[in-house]
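One structure below.
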Amino acid sequence: MDCIFCKIIKGDIPSAKVYEDELVYAFRDINPQAPTHILVIPKEHLPSVDAVNAENSGLVAHIFEVIPQIAKAENLTNGYRVVSNCGDDARQSVKHLHFHILGGKILSESM
Ligand code: AMP
């Protein structure tokens, strides 16, 4: 499958890893929109939030257990934003489910 994030998980494309376990991989966004900008992705290829269902939602729950651990490790003590763009109207550019963690400054009021 020609998915850039699957290639990152396999190590075929380099990335700045911040976290990994058997289900999840997290790395720094190549085009950061905040001082801290991390992408958290499942190792299983799911295209977007729109593909989450009763069979795979445990994986998403696990991602949301990992996110606070990453935020703590990154010292985001004053807060952070978690974003997942889903589909073309949301301008999702990589069709592999991912959650952006943005922080390290006071973020814009608008999304
Ligand atoms: P989205 O627009 O929500 O689909 O987000 C995709 C994100 O992936 C963007 O913020 C890109 O900067 C980021 N991105 C694309 N390619 C890479 C890469 N090779 N390494 C790290 N981040 C990447």
Side-chain angles (χ1 to χ4, degrees):
M1 189 185 298
D2 194 28
C3 169
I4 188 169
F5 286 177
C6 286
K7 289 178 182 164
I8 284 175
I9 291 163
K10 280 201 281 178
D12 294 346
I13 293 175
S15 65
K17 178 170 87 171
V18 299
Y19 176 90
E20 182 174 16
D21 64 27
E22 68 280 6
L23 297 173
V24 166
Y25 190 80
F27 56 104
R28 296 194 192 281
D29 196 293
I30 205 166
N31 182 23
Q33 303 299 308
T36 301
H37 187 170
I38 291 165
L39 300 171
V40 188
I41 65 178
K43 289 185 172 176
E44 177 187 347
H45 181 90
L46 297 174
S48 74
V49 166
D50 211 39
V52 176
N53 57 38
E55 278 171 22
N56 59 29
S57 59
L59 182 53
V60 178
H62 179 67
I63 288 173
F64 273 83
E65 290 171 17
V66 165
I67 285 172
Q69 294 175 39
I70 294 173
K72 191 172 183 192
E74 293 288 321
N75 218 19
L76 298 176
T77 52
N78 208 40
Y80 53 93
R81 182 173 287 160
V82 180
V83 175
S84 188
N85 295 317
C86 177
D88 292 340
D89 279 6
R91 297 179 180 270
Q92 181 185 4
S93 61
V94 179
K95 303 296 196 269
H96 181 127
L97 177 65
H98 54 282
F99 295 88
H100 299 255
I101 302 175
L102 298 146
K105 69 171 187 179
I106 298 176
L107 300 167
S108 161
E109 264 189 291
S110 62
M111 290 292 289

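As the structure lists them, so they are numbered: ligands from 1, and atoms in each ligand from 1. Because the structure is a prediction, the values reported are computed rather than measured. The basis for the numbers below is simple: all heavy atoms, side chains too, and nothing from hydrogens, waters or symmetry mates.
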Would you mind listing which atoms of ligand 1 come within a distance below 4.0 Å of any non-hydrogen atom of Asn31?
12 (O)
Where on His98 is there a heavy atom closer than 4.0 Å to ligand 1, on the side chain, on the backbone, on both, or on neither?
side chain
Below 4.0 Å, non-hydrogen atoms only: which portion of Phe5 touches ligand 1? Side chain, backbone, both or neither.
side chain
Pair Asp88 + Lys95, salt bridge at N-O below 4.0 Å
yes
Tell me whether Glu20 is salt-bridged to Lys43, with the criterion being a basic N under 4.0 Å from an acidic carboxylate O.
yes
Using 0.5 Å steps for rounding, measure from the CG atom of Leu102 to the OH atom of Tyr80.
12.0 Å
Please confirm whether [X] comes under 4.0 Å of ligand 1, counting heavy atoms of the residue only.
{"X": "Val83", "result": "no"}
{"X": "His100", "result": "yes"}
{"X": "Arg28", "result": "yes"}

Look at [atom] and say which protein heavy atom is nearest, naming residue and atom and giving the distance to 0.1 Å.
{"atom": "atom 17 (C) of ligand 1", "answer": "Ile30 CG2, 3.7 Å"}
{"atom": "atom 10 (O) of ligand 1", "answer": "Asp29 OD2, 2.5 Å"}
{"atom": "atom 18 (C) of ligand 1", "answer": "Ile8 CD1, 3.8 Å"}

Smallest heavy-atom separation, Ala34 atom then Gly103 atom, equals CB-O, 3.5 Å
With under 30° as parallel and over 60° as perpendicular, where do the rings of Phe5 and Phe27 fit, or are they tilted in between?
perpendicular
Quick check on Asp89: does its CG atom have over 12 non-hydrogen neighbours (other residues, nucleotides or ligands) under 6.0 Å away?
no
